[in-house]
Amino acid sequence: MNNLKLEPTNKTPLIDCNAEVGKLELEGRSIPENSADFFQPVYEWIENYIEKPCQKTIFEVKLEYFNTSSSKCILTMLKKLERLHSSGKSSVEIHWFFEEDDEDMQEAGQDFDVIISIPFKMVPIEEFQRN
Amino acid sequence: MISLKKHIDSLGDSEVILSFSGKLTIDVINHSLLLVEKRLLERKVKTRFVKKIYNVLVEGLQNIFHHGAKDEDDSIPALFSVSYDSESFKITLCNSIKKEIVEKLKVKLDAVNQMDKNEIVEEYRKVLDNGIVSEKGGSGLGFLDMKRKTKNNIDYNFFKDERHINFLVNLTIETNNE
């Protein structure tokens, strides 16, 4: 299947979904006015990936900012991956990166961890690399 | 709409990072966000506060963009500012709204303001998990997010001018709130 790569902008994150290695990356800022439209291709990519996944799947989230409508979209992606994980076809892990002084991003990760039943790793880092 | 001059005067000795009064467009939102972030970083504000302010401002401005009442020419009149003094950062947002949603907003805001920290987190997770995004792109999380990130109640007021009902919101982020 095809990989999906969307370059980042001031309002939308880098999206890098690689079906060969089983890795999805979300990085940067996610504050579009209409998040559902923006994330639609990612939903479709995950649905296709679920058909023939790698043995292990990692979803890396390295977000600096996101608006509340993006948070609903992130949850939609996580629920699709939760379905994959519970099917036993792939072992899914979420790696949630946050800057260590950013309590809001840490709490946001904890929100998803509470809602979703997938191994969830919180990864504090000193500072994101910014372009 | 309140006059920008009156509003700035009401901020007293606070330093104004950015203020705007006029038609709210996507371009205005984009430029304002970039400017606010740049000016806060230039003033060596701690990044955790820069992020909080940026996030709360995104939520507030997109809220107005999606839900603010429009003028006859289809534009969305709005006023907003970001300012600070030695104790806190203040974000003010003002827009016109339709008369019929005043009561609904009051009920929603009062409910959010009555919740304590744990209740806010619990309610936020509940609304997040119900998964519905409105046709206008609203998530139903905006006010909960504002209270959660500012760690303060949402100070609000409704007032009439000759043409509209205006909805004024003041959000405060205390700098000693580590």
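To find a chain, count down the sequence lines: A is the first, B the second, and so on, and within it residues start at 1. Atom set for the values below is all heavy atoms of this structure, side chains included, hydrogens, waters and symmetry mates excluded.
Side-chain contact annotation: B:His164 with B:Asp71, donor-acceptor N/O pair under 3.5 Å present. Under the 3.5 Å distance criterion, with hydrogens and angles disregarded, a donor-acceptor pair is assigned to the side chains of A:Ser70 and A:Ser30. Between the side chains of A:Thr57 and A:Ser90, at least one donor N or O lies within less than 3.5 Å of an accepting N or O.
Contact annotation for B:Leu144: neither backbone nor side-chain heavy atoms come within less than 4.5 Å of a heavy atom of chain A. When heavy atoms are compared at a cutoff of 4.5 Å, A:Phe112 approaches chain B solely by way of its side chain, counted from C-beta outward.
Most heavy-atom pairs under 4.5 Å with chain B, from the set A:Asp101, A:Asp104, A:Ile115: that is A:Asp104.
Across B:Lys46, B:Lys149, B:Lys51, a single residue satisfies salt bridge (Lys or Arg N to Asp or Glu O under 4.0 Å) together with A:Asp102, and that is B:Lys51.
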